[in-house]
Amino acid sequence: MRPRENMAGFLIVTMVRQWQRVSAYGLAREGDTVLLVQIGRSAYGDLGKWMPPGGTIEHGEHPAETVVREFAETTGLEVRVDALLEVGSDHRQLTGGIDFHGVFMLYGVTVLGGDLRPQPDGIMVEPSWHSASELDQIPMLDAVRDVLRSAVKK
């Protein structure tokens, strides 16, 4: 709670809702292209933005296991996790007064098989390959864009 006074001198108490999320993502490359998925449903204003496949680390799950599971769920692809490339942080205010802090890992991955398809429940849609030069032009969270830029250079 954060107390403050309004113009009339009354004490106002506001509740600050904090949400911290730890997640892991995979960077799959094919030549000069990277695989991204588009957010299909979002309650927090991120609809239509692009990101690498991945998601929330479940309790007791290793981040590399998260990447393998999330790739299968969101793209239909089977991957092998190769190496940790970057760690990023996304701290911002979401709609509804939520103080969001996301900490995420980006791993390099190798695609082993599977058929590329969108996530069946529609949360993530349009898995597709994008050239590295497109990363500045497509809608994406700033923190994700920064980490991708750095990882693509490696």
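Position 1 is the first residue of the sequence, and the numbers go up from there.
Looking at Ser128, its side chain does come within 3.5 Å of a backbone N or O of Glu126 through a donor-acceptor pair. The main-chain N or O of Val152 is found under 3.5 Å from a side-chain atom of Arg29 such that the two form a donor-acceptor pair. In this structure, the side chain of Glu78 does not engage the main chain of Leu112 through any donor-acceptor pair within 3.5 Å. Between the side chain of Glu73 and the backbone N or O of Glu70, no donor-acceptor pair lies under 3.5 Å.
Within the 4.5 Å cutoff, no side-chain heavy atoms of Pro52 are placed close to those of Val34. Considering only heavy atoms from C-beta on, Tyr25 stays 4.5 Å or farther from Tyr107 through its side chain. Using a 4.5 Å heavy-atom threshold, the side chains of Arg21 and Phe100 count as touching. Residues Val79 and Thr110 have side chains not in contact (no heavy-atom distance under 4.5 Å, counting atoms from C-beta outward). Inter-residue side-chain proximity for Trp50 and Leu141 is flagged as unmet; no heavy-atom pair is nearer than 4.5 Å.
His101 and Trp19 have their aromatic ring centers separated by at least 6.0 angstrom.
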Legend entry - Derivation of the side chain to side chain donor-acceptor pair (under 3.5 Å) call for Ser89 and His91: CA-CA 6 Å; Ser89 178; His91 186 208; over 6 Å; no

Legend entry - Test side chain to side chain donor-acceptor pair (under 3.5 Å) applied to Gln119 and Thr74, step by step: CA-CA 4 Å; Gln119 189 170 355; Thr74 62; 5.3 Å; no

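Atom CG of Asp136 is surrounded by more than 12 heavy atoms from other residues, nucleotides or ligands within 6.0 Å.
Val111 and Leu116 fall within the same hydrophobic cluster, where Ile, Leu, Val, Met, Phe, Trp and Tyr residues are linked whenever their side-chain heavy atoms come under 4.5 Å apart, directly or through other members. Cluster annotation: Ile57 is not connected to Leu106 through the hydrophobic network of ILVMFWY side chains, with a link wherever side-chain heavy atoms come within less than 4.5 Å.
Between Arg69 and Glu65 there is no salt bridge, since no side-chain nitrogen of the basic residue lies less than 4.0 Å from a carboxylate oxygen of the acidic one. Under 4.0 Å is where a charged nitrogen must lie from a carboxylate oxygen, and between Asp46 and Arg92 at least one such pair does.
With 3.5 Å as the limit, one finds no donor-acceptor pair spanning the side chains of Thr75 and Arg117.
Atom CG of Leu148 is separated from atom CZ of Arg145 by 9.0 Å, given to the nearest 0.5 angstrom.
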